[in-house]
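Taking it in order: structure first as structure tokens, then the write-up.
Chain letters run A, B, ... following the sequence lines, proteins first and then strands; every chain starts at 1. This structure is a prediction, so every number in the text was calculated from the model and none was measured. Heavy-atom basis, side chains included; hydrogens, waters and symmetry copies ignored.
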Amino acid sequence: MKKLELKQFDLEQIADSGQCFRWTRIMEDETGDAASDKESEKIKYRIIAFGKILNIEQDMTSGIVTMDCSDADFDNIWKDYFDLDTDYGKIIDRIPEDDSYLKRAASGCDGIRIIRQDPWETLITFIISQRKNIPAIKASVEKICKAAGSVIGEADGEKLYAFPTPEQLSSLSMDDLNACSLGYRAQYIYKAARAAFDGAVDLDKWKSLGDEDLFDKLCSLYGVGKKVANCTMLFGFYRLDSFPIDVWMNKIQDKYYPEGFPIEAYRPYGGVMQQYMFAYERSIDS
DNA sequence: TGGCAGGTGTCTT
DNA sequence: AAGACACCTGCC
């Protein structure tokens with residue numbers, strides 16, 4: 001069990017930011033010993049990543065985060081996963097006063113961090129994400145995990161699955177993939193899995209590439225364009241300057257940056273700024 | 001019921 | 001080089 005007092009860390013903001021698709025909100029059951037949790041409201045999630053299950057909660061009043069994990073798993077996995085060595089306060093402080101929109105966005109969404117995910121899982125989940133909303137993405141991801149991933153635990157009588165390795169995913173036929181509600185993306189996943197399994201695509205090796213070369217490599221994959229490549233770089237390869245442009249960012253640029261967003265001014269944290277703007281604009285839209 | 005959801009490949013100018 | 005267009009699927 002790890003209890004942490006963290007700055008710039010808000011579980012709900014991160015969960016809603018659309019970076020990760022295997023976070024499940026855990027609601028308190030109405031029956032049983034609910035009384036003990038009444039006074040202090042807690043937000044709880046179950047996260048599956050890197051073949052592990054993490055139950056995590058945050059006290060809404062104190063902000064204190066509790067992770068149900070061993071010291072070893074915290075040191076080896078979760079500390080990096082949540083990017084805890086990065087001071088997001090400092091990154092936010094770099095935003096100049098005259099960029100009032102970005103100032104506002106960052107202060108409204110300052111609990112967001114870049115979650116450092118597994119490159120392979122990030123690539124596949126963002127291929128799936130195209131032209132889908134977040135619930136639909138999650139549903140497809142869970143289906144492929146169930147179809148091909150290893151069982152790593154159980155909750156409420158349901159088995160929990162790791163994200164499938166390239167080998168496991170490439171064992172699925174087109175019919176299997178079509179059963180995962182992937183639509184026209186099934187062929188993209190099929191090809192990517194085979195390429196990763198037979199070694200034609202080696203994401204581990206790609207880690208050593210510079211940003212531009214990595215971007216080109218990702219875009220060379222069938223079904224991967226600029227948007228998916230940038231998301232994969234930002235969340236799967238921790239390239240903080242990657243700047244995914246989607247329909248929301250297009251709206252934001254039209255509204256607030258008619259000359260285009262001055263990404264040069266925000267190097268090397270353009271992608272972090274993108275996350276603040278994306279989350280903020282969505283929050284005020286609803 | 002048609003339009004849309006964090007796009008991309010393909011075909012057309 | 002840039003712009004239309006189709007595309008699976010689920011949801012309102």
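- Near DNA chain B, meaning a heavy atom under 4.0 Å away, the residues from residues 231-241 of chain A are A/Cys231.
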Quiz item: Reading nucleotides 5-12 of chain C from the 5' end, what letters show protein touch, with B for base, S for backbone sugar-phosphate only, - for no heavy atom under 4.0 Å?
Solution: --BBSS--

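- Here the closest non-hydrogen pair linking A/Leu4 and A/Met67 is CD1-CE, 3.6 Å.
- Atoms CD1 (A/Ile128) and C1' (B/dT8) sit 15 Å apart, rounded to a whole Å.
- One P atom belongs to B/dC4, the other to C/dA4, and the distance between them is 15 Å to the nearest Å.
- Sorted by first and then second residue, the pairs that involve residues 197-211 of chain A and meet side-chain hydrogen bond (donor to acceptor under 3.5 Å, both in side chains), not counting sequence neighbours, are A/Asp204-A/Lys207, A/Asp211-A/Arg239.
- Nearest heavy atom pair, residue A/Glu5 against residue A/Ile64, reads CG-CG1, 4.3 Å.
- Here B/dG7 presents its C1' atom at 14 Å from CG of A/Leu123, a figure rounded to the nearest Å.
- Per the geometry, CG belonging to A/Asn250 stands 12 Å off P belonging to B/dT8, to the nearest Å.
- A/Asp16 places its CG atom 18 Å from the P atom of B/dA5, with the value rounded to the nearest Å.
- The ring pair (Phe, Tyr, Trp, His ring centres under 6.0 Å) search around A/Tyr45 returns A/Trp23, not counting sequence neighbours.
- The gap from the P atom of C/dC8 to that of B/dC11 amounts to 14 Å, rounded to the nearest Å.
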N/O to N/O distances under 3.5 Å, protein versus nucleotides 11-13 of chain B:
none

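- Here A/Glu167 pairs with nothing under the salt bridge (charged side-chain N to carboxylate O under 4.0 Å, His left out) rule; sequence neighbours left out.
- The residue A/Phe278 sits close to a base: some heavy atom pair falls under 4.0 Å.
- Comparing A/Gly225 and A/Lys251 against DNA chain B, the residue whose closest nucleotide sits nearer the 5' end is A/Lys251.
- Using a 4.0 Å heavy-atom criterion, one finds that A/Gly18 contacts the bases of the nucleic acid, with or without backbone contacts as well.
- Stretches of at least 3 consecutive Watson-Crick or G-U wobble pairs, with each checked distance under 3.5 Å, appear in DNA chain B as B:2-5 with C:9-12, B:7-13 with C:1-7.
- Between A/Asp246 atom CG and B/dA5 atom C1' there is a gap of 11 Å when expressed in whole angstrom units.
- If you take CD1 of A/Ile134 and C1' of B/dA5, they are 10 Å apart, rounded to a whole angstrom.
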Side-chain donor-acceptor pairs under 3.5 Å in residues 269-276 of chain A, sequence neighbours left out?
{"from": "A/Gln274", "atom 1": "NE2", "to": "A/Pro244", "atom 2": "O", "distance (Å)": "2.9"}

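- Sorted by first and then second residue, the ring pair (Phe, Tyr, Trp, His ring centres under 6.0 Å) pairs with a member in residues 69-92 of chain A read A/Phe9-A/Phe82, A/Trp78-A/Tyr81; sequence neighbours excluded.
- A straight line from CG of A/Leu221 to P of B/dG9 spans 10 Å, rounded to a whole angstrom.
- Contact between A/Ser17 and A/Ile112 at its shortest, heavy atoms only, is CB-CD1, 4.1 Å.
- For A/Phe235 and A/Phe126, the ring centers are positioned less than 6.0 Å apart.
- Rounded to whole Å, atom C1' of B/dG9 lies 11 Å from atom NZ of A/Lys191.
- Nucleotides B/dG6 and C/dA6 have their P atoms positioned 22 Å apart, rounded to a whole Å.
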Practice problem: Begin with the C-alpha distance, continue with both residues' side-chain angles, and end with the deciding distance and a verdict on side chain to side chain contact (heavy atoms under 4.5 Å, CB included) for A/Leu172 and A/Ile189. | Solution: CA-CA 10 Å; A/Leu172 297 183; A/Ile189 306 293; over 6 Å; no

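- Checked against the 6.0 Å centroid criterion, the rings of A/Phe237 and A/Phe215 do not qualify as a close aromatic pair.
- Considering only residues two or more places apart in sequence or on other chains, A/Lys227 meets the salt bridge (charged side-chain N to carboxylate O under 4.0 Å, His left out) condition with none of them.
- For A/Tyr280, the side-chain contact (heavy atoms from CB on, under 4.5 Å) test picks out A/Tyr101, A/Arg104, A/Ala105, A/Cys109, A/Ser283, A/Ile284, with sequence neighbours left out.
- For the side-chain contact (heavy atoms from CB on, under 4.5 Å) test, residues two or more places apart in sequence or in another chain that qualify with A/Glu57 are A/Lys42, A/Lys44, A/Thr66.
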